[in-house]
Amino acid sequence: MNAMLPKATHDEHSRQEYVKSMRAYVTGTLTPGNRVIYDGRVLPAYMRSHNHPPETRKEVREGMLAEPYHQVWSAMMRTTQEMMWDSIGDSIERQLGDLVETAKPNGRTKGSLTLDPKLKMPPYLTAVDIHCMPGNYTADLCEDDVFAGALYDRGVGIYMMGGMGPYNAGTGETLIAHLKKEYPGFRPARILDMGCGVGHSTLPYVDAYPDSEVHAIDVGAAMVRYAHGRAESLGKAVHFSQQDAEHTNFPDGHFDLIVSHIFLHETSNRAVRNMMSESRRLLAPGGLALHLEVPPFYDKDPFDQYLTDWDTHFNAEPFVGTLHDLSREELMGEAGFASAEIIVEDIPMQVYVVGGGGNYSHHVGPNLCVFGGRKG
């Protein structure tokens, strides 16, 4: 059991379940209506005016924003996002002191925690609260604070409606399944998870590679404090440190496996390029860098691009569009990987469905994109 997870009262739990149900309704029932509106109204109107279909997501967005159905859907999407965080915050504030104490090492020795109070927060995180999360990942509200970590841990479960499994580990499990299939003899001595958050995706590597030394970094002190307490409560040895993935303090060639999980779209174009260069610097010869993200835009039509890009404009994730415009191959080439070393693949996501009694069943979901390289 994750002892760090905030406990909800009956009323708090009811609020959170309401938000989860509302989000399921909006995403599952209402979202497909956007395609109906586009095919039935926006596309024909654009064709009449231009004699050709929209060629860019910007042209689709301009048409969709004039449609009342899409306006209501968009407002509901944003409102449920804000309601999600609001439904969690009160319960964390009520027990923050207890969570802070639970997170403290208190003699536990499985992993480690290293903080850097002088670390400068990246401007792409201080300029906006990513996905509307109050205070972002970087807020530090009190001594030994863990609020941001607790907020994110509970929030992901609601946002994904249980689809990431009981420990929200679905993306880590997805990448590990790919590694086990494609590199069955691979035995990394050291593993690094960049942008680890609260360690949702980190901990599966401890079980998948029990002889490995697992490290995880994030810029938020409250995030890694929480992540360390969470890992210790689950009996997992991970070495967490507060670092910026653009420029770490690890020596050259220190890791055999470097990973990230749906993290890069929350960073700037410059930061992504620095992180890819840093991941190559940190790789030992023969080591793998694998970064998991949603598929890039160049495989989607303009309407589907726009629905993904909606977050860029309306959900406080300003870098979604620019990341998914990038060529993965060019990005890794700029980082120093030779053409023969570059890896770009679509892989099926490991997803969960919550059944009766809170039991989870495991399923194969939509594709995600893994890209990176193997250092020669």
Side-chain angles (χ1 to χ4, degrees), residues 27 156 159-188 191-197 199-209 212 214 216 245 255-267 272 275-276 279-280 283 286-301 304-305 307-308 311 320 323-333 335 337-353 360-375:
T27 57
V156 168
Y159 181 84
M160 294 302 296
M161 298 168 286
M164 299 286 278
Y167 296 101
N168 292 319
T171 52
E173 293 171 354
T174 294
L175 197 44
I176 288 168
H178 175 70
L179 279 161
K180 295 288 189 179
K181 177 183 176 183
E182 298 297 327
Y183 308 94
F186 185 56
R187 298 290 184 271
I191 299 171
L192 173 64
D193 184 9
M194 287 181 158
C196 66
H200 287 151
S201 299
T202 312
L203 299 194
Y205 291 89
V206 177
D207 296 327
Y209 299 102
S212 297
V214 179
F255 293 99
D256 304 290
L257 176 62
I258 297 173
V259 295
S260 72
H261 309 84
I262 321 297
F263 152 66
L264 298 174
H265 72 275
E266 297 180 357
T267 66
V272 168
M275 290 171 188
M276 296 304 98
S279 66
R280 192 178 193 284
L283 277 183
L288 283 165
L290 295 175
H291 302 280
L292 195 66
E293 266 290 349
V294 300
F297 281 158
Y298 49 77
D299 288 334
K300 297 181 177 181
D301 69 21
D304 287 330
Q305 288 186 28
L307 273 195
T308 301
D311 288 287
V320 168
L323 173 68
H324 296 304
D325 278 333
L326 292 176
S327 162
R328 276 37 174 177
E329 292 84 356
E330 291 179 9
L331 186 62
M332 301 317 297
F337 288 93
S339 296
E341 298 175 327
I342 295 173
I343 299 166
V344 179
E345 297 181 76
D346 289 337
I347 62 174
M349 183 178 178
Q350 308 295 309
V351 298
Y352 292 80
V353 175
Y360 288 84
S361 56
H362 192 253
H363 298 265
V364 175
N367 279 351
L368 296 175
C369 177
V370 61
F371 63 96
R374 188 160 200 174
K375 192 172 184 178

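Because the structure is predicted, anything quoted here is derived from the model rather than measured. Computed from heavy atoms alone, side chains included, the values below leave out hydrogens, waters and symmetry copies.
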Test log, rule side-chain contact (heavy atoms from CB on, under 4.5 Å), inputs Leu292 and Ile262: CA-CA 6 Å; Leu292 195 66; Ile262 321 297; 4.3 Å; yes
Residues His261, Tyr205; criterion ring pair (Phe, Tyr, Trp, His ring centres under 6.0 Å); working and verdict: CA-CA 12 Å; His261 309 84; Tyr205 291 89; 5.7 Å; yes
Write down the atom of [X], the atom of [Y], and the distance for their closest heavy-atom approach.
X	Y	result
Tyr209	Lys180	CE2-NZ, 3.8 Å
Pro296	Arg328	CB-NH1, 3.6 Å
Glu329	Tyr298	OE1-OH, 3.8 Å
Asp301	Asp304	OD1-N, 2.8 Å

4.5 Å side-chain heavy-atom contact, Phe186 and Leu288: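 Yes. Closest side-chain heavy atoms under 4.5 Å.
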Sub-4.5 Å side-chain heavy-atom contact between Met164 and Met349: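 Heavy-atom side-chain distance check passes, below 4.5 Å.
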Asp207: salt bridge (charged side-chain N to carboxylate O under 4.0 Å, His left out) partners, not counting sequence neighbours: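 Expected list: Lys236.
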Interatomic spacing from [atom1] in [X] to [atom2] in [Y] - rounded to 0.5 Å:
X	Y	atom1	atom2	value
Thr171	Leu368	OG1	CG	8.5 Å
Arg187	Leu257	CZ	CG	12.5 Å
Cys369	His324	SG	NE2	9.0 Å
Asp193	Thr202	CG	OG1	3.5 Å
Asp256	Arg374	CG	CZ	9.5 Å
Leu290	Ile176	CG	CD1	11.5 Å

Residues forming a ring-ring contact (aromatic ring centres under 6.0 Å, His included) with Phe255, sequence neighbours excluded: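 Scan of Phe255 (ring-ring contact (aromatic ring centres under 6.0 Å, His included), adjacent residues dropped) gives His215, Phe250.
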Residue pair Met275, His291: steps toward the side-chain contact (heavy atoms from CB on, under 4.5 Å) verdict: CA-CA 11 Å; Met275 290 171 188; His291 302 280; over 6 Å; no
Non-neighbouring partners of Lys300 that pass side-chain hydrogen bond (donor to acceptor under 3.5 Å, both in side chains), sequence neighbours left out: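 Listed in chain order: Thr308.
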Derivation and outcome, side-chain contact (heavy atoms from CB on, under 4.5 Å), residues His265 and Asp311: CA-CA 11 Å; His265 72 275; Asp311 288 287; over 6 Å; no
Can you check whether [Y]'s main-chain N or O pairs, donor with acceptor, with [X]'s side chain at less than 3.5 Å?
X	Y	answer
Glu293	Leu264	yes
Gln305	Phe297	yes
Ser212	Pro188	yes

Criterion side-chain contact (heavy atoms from CB on, under 4.5 Å) on Leu326 and Phe371, from CA distance to verdict: CA-CA 12 Å; Leu326 292 176; Phe371 63 96; over 6 Å; no
